[in-house]
Amino acid sequence: MLGTTSDKNECPTLYEDLDTGEILVQGDAITDPEDVAQLRNVRPGEAFVVIPRELLLRFAPKE
């Protein structure tokens, strides 16, 4: 776990896969059909979550 901007360790949260260095994101899923319809190049099995910009700025800074 890299960090969270939530209380009580709920989502949204950022994690790092220590083997690959990839960042994993936990957040509320986008399920509104109008919002989903605006997404492009969505492959089967992909999901989208909402995370606040502050979470990325604090815990996943660009190196």
Side-chain angles (χ1 to χ4, degrees):
M1 180 175 149
L2 294 174
T4 183
T5 54
S6 297
D7 294 329
K8 302 176 191 162
N9 289 327
E10 297 172 351
C11 67
T13 303
L14 292 183
Y15 300 89
E16 180 179 6
D17 182 321
L18 297 177
D19 293 330
T20 65
E22 294 176 316
I23 302 296
L24 298 105
V25 179
Q26 174 188 0
D28 293 327
I30 300 294
T31 58
D32 182 283
E34 290 183 14
D35 291 339
V36 173
Q38 295 179 49
L39 303 172
R40 300 290 180 252
N41 303 316
V42 180
R43 297 181 296 177
E46 289 185 329
F48 297 86
V49 298
V50 176
I51 58 169
R53 184 176 302 274
E54 178 188 351
L55 180 63
L56 293 175
L57 293 174
R58 286 180 57 191
F59 298 108
K62 204 174 185 180
E63 295 182 320

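Note that the numbering runs from 1 along the sequence shown for the chain.
Ile51 belongs to a hydrophobic cluster with Leu2, Leu14, Ile23, Val25, Val49, Leu55, Leu56, Phe59, counting contacts under 4.5 Å between side-chain heavy atoms of Ile, Leu, Val, Met, Phe, Trp and Tyr, direct or through other members. Val50 belongs to a hydrophobic cluster with Ile30, Val36, Leu39, Val42, Phe48, counting contacts under 4.5 Å between side-chain heavy atoms of Ile, Leu, Val, Met, Phe, Trp and Tyr, direct or through other members.
The nearest pair of heavy atoms linking Met1 to Tyr15 is CA-CD2, 3.6 Å.
By the 4.5 Å heavy-atom criterion applied to side chains, Pro12 and Thr5 are counted as neighbours.
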